[in-house]
Asker: 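This is the structure I want to talk about, given as structure tokens.
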Amino acid sequence: MAQQAIQITVQGIVQGVGFRPFVYRLARELQLSGTVANTGNGVILELQGKSENIAAFCSRLQNDPPPISRITGITTEDIPVQEQRSEFIILSSPQGERPNTQVSPDIALCADCIRELFDPLDRRYRYPFINCTNCGPRFSIIRTIPYDRPNTSMDVFTLCPQCKKEYHDPLDRRFHAQPNACPTCGPSLSWQDKDGKPIAVDDCIGACAEALARGKVVAIKGLGGFHLAADATAVSAVATLRKRKHRHKKPLAIMVRDLEQARKYCRISEQEAELLSSHRAPIVLLKKQENSALAENLAPDIGLLGLMLPYTPLHHLLLTEDNCPAALVMTSANLSGEPICIDNNEALTRLHGLADFFLLHNREIVTRVDDSVVRVMAKKTRIMRRGRGYVPEPLLLTHQTKNALGCGAEMKNTFCIVRNNEAFISQHIGELTSPRALDFYTESISHIQNILETDFQTVACDLHPDYLSTRFCRKQPAPRVRVQHHHAHATTVMAEHGLDEPVLAVLFDGTGYSDDGTVYGGEWYLAERRGYTRLAHLSLLPLPGGDKAVMEPWRTALSMLYQAKGEEGVHNHLPQSLLHIDHGRRAVIAQMIAERIHSPLTSSCGRLFDGVAGLLGLCLVADYEGQAAMELEHLAETDGDAQGAGRYRPILKNENGMLILDSRSLTLQILEDLQQGAAMNTIASAFHQWLLDGSINILLRLRQQTGLSSVVLGGGAFQNTILLEGLLTRGTAEGFSVFSGEQVPAGDGGIALGQVYIAGMAEK
Ligand code: ZN
Ligand code: ZN
Ligand code: FE
């Protein structure tokens with residue numbers, strides 16, 4: 001029989017994901033001898049045996065690798081056959097050489113472990129920290145690389161003889177499972193009252209289920225941070241949680257036992273079901289079922305609900321308890337504007353008064369990582385918030401980009417590190433406004449930089465001089481590049497889709513700093529990596545009160561009235577919804593607008609949504625960012641007969657070569673409709689269609705002007721399905737190639753990627 005020998009080099013996420021045991025078993029099965037080792041250049045395999053078996057090995061490696069590994073490159077090379085070789089051996093990592101492999105994200109509990117968890121004969125029966133090489137904590141417990149137990153927060157638990165045997169046995173499914181643990185040697189739970197006093201119970205999880213069933217709020221320590229949990233089927237429990245968190249309307253995510261249960265609350269497509277059950281186990285935004293048994297105050301006035309399935313053994317145990325509510329609110333346990341709690345003592349202090357009980361454990365969370373949020377739009381999975389299950393997986397850039405750090409912006413912030421053309425987008429940091437958030441941000445940058453062992457040739461930040469991310473950036477030693485907010489939004493999409501040539505960009509966003517003293521946010525650019533030209537924008541609107549207007553849409557509504565009808569507008573043309581604002585207050589706003597006192601001009605799309613929502617009386621004061629837009633979208637979706645289509649004519653003006661989509665005519669049409677008593681959902685839908693019609697008209701003109709027909713869609717307003725799907729469908733129908741964010745959030749959570757894509761560009 002012909003013997004063959006080859007060397008295979010595998011790169012990607014191939015460490016700590018059951019890769020070597022997989023290779024070991026496969027080699028034995030195919031009667032191949034040789035070695036496998038982690039090296040500085042990836043995993044290196046040497047295989048020897050019958051050539052057809054080697055071929056079979058290569059095909060299985062390519063097509064059926066371990067579920068959570070991610071191979072980014074395989075190279076093979078023939079090597080001489082060795083006479084004496086008869087076994088397959090796992091070699092230990094070469095001394096002094098650091099494996100250049102990547103760190104895996106945290107992985108939801110796998111099917112094998114679920115089986116053992118509920119098997120009364122298994123030694124880990126009902127053990128809340130069961131895991132194996134295919135599942136369990138990773139990124140959240142790693143202190144430094146290489147990913148070995150002493151470098152994780154599992155270092156304080158000494159493996160018992162049985163666990164140790166599993167750990168060292170290449171044929172065991174816990175071979176080199178770094179967080180391996182059992183009831184004898186691993187972490188354990190504790191049940192504590194609201195003041196942190198331990199309560200002696202036989203069964204912490206049973207006690208927790210019982211408390212939740214009684215309407216109590218429990219702080220539960222999870223994988224990447226604490227959750228606040230409450231009965232999602234009880235209005236009063238949800239109301240208690242809301243009151244304590246000072247969150248009156250912000251949508252709360254829920255967790256339910258399984259898909260079957262999930263279908264009782266939400267409409268779930270096959271694609272969405274797959275996402276929910278995937279090893280990433282994100283929160284998926286789903287369409288609510290009408291008249292479900294869920295509390296109506298979970299996500300009021302929007303048609304969506306964030307839902308996830310259990311992803312840790314603790315969740316599985318809790319949700320299968322007999323008396324546990326069928327659906328639990330599981331919301332990040334943090335104070336408004338601060339990062340999620342991860343430490344037991346920190347939680348007991350900071351969540352004091354929020355939680356009635358604490359379900360704690362003694363496995364330290366090293367790195368904070370929130371649940372990821374995804375939504376299927378236009379048939380594709382779109383990440384809204386990158387976190388657990390996705391981070392720190394890199395995105396491969398197809399165009400040369402220097403090693404760089406992108407510092408992000410301010411809201412929903414993330415940063416991005418590029419190393420050797422791989423872009424590592426950080427976990428969701430949140431609003432970068434509090435000292436705690438800043439600590440989390442700076443610690444995370446050093447942590448990921450340390451794990452990646454990289455330096456920056458350049459750093460990039462927003463134009464806004466006062467963002468904490470900008471200030472941080474200024475202190476970095478590497479050369480700094482300042483990037484206009486919406487230019488970065490555009491190049492984020494270019495980077496994700498490997499675009500390097502100039503494109504047209506539609507940028508629908510909240511607010512972004514510009515060079516000309518106005519606040520941008522509804523823009524059409526010609527964008528390229530080296531720069532951008534603003535070709536069109538929404539007409540400018542004064543924002544009385546500046547940033548205050550973001551949370552108080554009634555201000556922008558008055559501004560629209562003023563723009564449409566002058567001072568008289570805010571007094572004599574008030575829609576029903578704004579009548580209660582007293583005359584004096586309206587006069588002050590009118591004066592602010594007239595004299596331009598603390599009333600910056602903006603072309604923001606987000607603010608236009610606010611204004612329209614205010615005119616309709618939907619959301620006069622917002623409880624969370626984006627609320628007005630979400631409620632308006634939901635209302636528009638109920639316009640079943642598409643009464644709104646083509647109802648409002650978009651008017652384009654040309655001011656010195658700049659196209660302006662005129663919002664004054666929009667306001668006049670809305671006021672007319674309000675006066676005639678048109679249905680609210682018709683108006684909401686007509687507004688969306690007006691924006692789409694206007695955009696398509698602008699794109700058609702710009703294509704003529706520039707000859708470009710590739711379009712990128714960027715900015716937070718593209719979390720709106722009507723806008724995203726509308727521009728994708730209609731743009732494509734008009735012959736444009738339209739690109740939008742998938743792996744990377746459309747909003748500010750993705751902006752750091754665009755920053756590095758610009759800053760990291762090689763000089764010509
Ligand atoms: Zn497992
Ligand atoms: Zn053990
Ligand atoms: Fe933005």
Side-chain angles (χ1 to χ4, degrees), residues 16-18 21 66-68 104 106-118 122-124 127 129-138 149 154 157-168 172-175 177-188 279 281 311-313 316 408-414 431-432 462-464 467 469 483-493 505 507-514 519-523 550 602-607 625-626 629 713-719 741 744-755:
V17 291
I68 55 177
S104 155
D106 300 290
I107 307 294
L109 193 67
C110 75
D112 289 330
C113 286
I114 294 176
R115 214 169 298 126
E116 289 181 7
L117 181 65
F118 291 106
D122 193 274
R123 72 187 190 92
R124 291 189 180 85
Y127 180 56
F129 302 93
I130 184 172
N131 65 78
C132 71
T133 44
N134 288 326
C135 73
R138 297 284 189 279
R149 192 169 171 112
M154 286 301 291
F157 302 100
T158 310
L159 289 167
C160 71
Q162 260 176 305
C163 287
K164 200 169 186 170
K165 191 162 158 285
E166 295 166 342
Y167 182 89
H168 289 292
D172 194 278
R173 58 183 207 88
R174 296 196 166 83
F175 174 65
Q178 307 304 342
N180 191 23
C182 78
T184 314
C185 67
S188 55
H279 64 77
Y311 57 85
T312 69
H316 282 276
E410 180 172 68
M411 302 301 281
K412 301 182 165 67
N413 203 30
T414 65
E431 321 325 348
L432 198 55
D462 200 270
L463 275 188
H464 200 300
Y467 283 168
S469 57
V483 180
Q484 198 276 325
H485 192 88
H486 301 104
H487 184 206
H489 270 307
T491 50
T492 297
V493 183
L507 302 151
F508 288 168
D509 200 30
T511 51
Y513 202 85
S514 75
V519 180
Y520 287 11
E523 318 297 317
V550 176
T602 186
S603 51
S604 163
C605 176
R607 300 295 77 80
E625 205 225 342
L713 310 178
F718 283 110
Q719 294 180 19
V744 188
D748 287 3
I751 210 163
L753 173 64
Q755 293 176 341

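We count ligands from 1, going down the list as the structure has it; atoms in each ligand are counted the same way.
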Asker: Measure from the side-chain N and O atoms of Glu431 to the backbone N and O of Met411, and report whether any donor-acceptor pair falls under 3.5 Å.
Answerer: no
Asker: Mind checking whether the Fe ion (ligand 3) has an N, O or S of His486 under 2.8 Å?
Answerer: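 It does not; every qualifying atom lies at 2.8 Å or beyond.
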Asker: Counting N and O atoms only, with roles assigned by atom type, does the side chain of Arg149 sit under 3.5 Å from a partner on the main chain of Phe157, one being a donor and the other an acceptor?
Answerer: yes
Asker: Which is the closest N/O/S atom of Asp748 when seen from the Fe ion (ligand 3)?
Answerer: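 That would be atom OD1.
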Asker: Please check: side-chain N/O of Arg174 versus main-chain N/O of Cys132, any donor-acceptor pairing under 3.5 Å?
Answerer: no
Asker: List-wise, which protein N, O or S atoms are found short of 2.8 Å from the Zn ion (ligand 1)?
Answerer: Cys110 SG, Cys113 SG, Cys132 SG, Cys135 SG
Asker: Would you check if the side chain of Ser604 reaches a backbone N or O of Gly510 as a donor-acceptor pair within less than 3.5 Å?
Answerer: yes
Asker: Keeping the roles fixed (side chain from Asn413, backbone from Leu432), state whether a donor-acceptor pair exists under 3.5 Å.
Answerer: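 No; zero donor-acceptor contacts below 3.5 Å.
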Asker: With rounding to the nearest 0.5 Å, note down the distance linking OG1 in Thr184 to CZ in Arg124.
Answerer: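 Taking OG1 in Thr184 and CZ in Arg124, the distance rounds to 9.0 Å.
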Asker: With the Zn ion (ligand 2) at the centre, find the angle made by SG from Cys185 and SG from Cys163, to 10°.
Answerer: 110°
Asker: If I take the Fe ion (ligand 3) as the centre, what angle separates the NE2 atom of His485 from the OD2 atom of Asp509? Nearest 10 degrees is fine.
Answerer: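 Rounding to the nearest 10 degrees gives 100°.
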Asker: Can you check whether Ala177's main-chain N or O pairs, donor with acceptor, with Thr133's side chain at less than 3.5 Å?
Answerer: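 No; judged by distance alone, with no hydrogens or angles, the pair does not exist.
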Asker: Judged by atom type as modelled, is there a donor-acceptor pair below 3.5 Å linking the side chain of Thr414 to the main-chain atoms of Gly749?
Answerer: yes
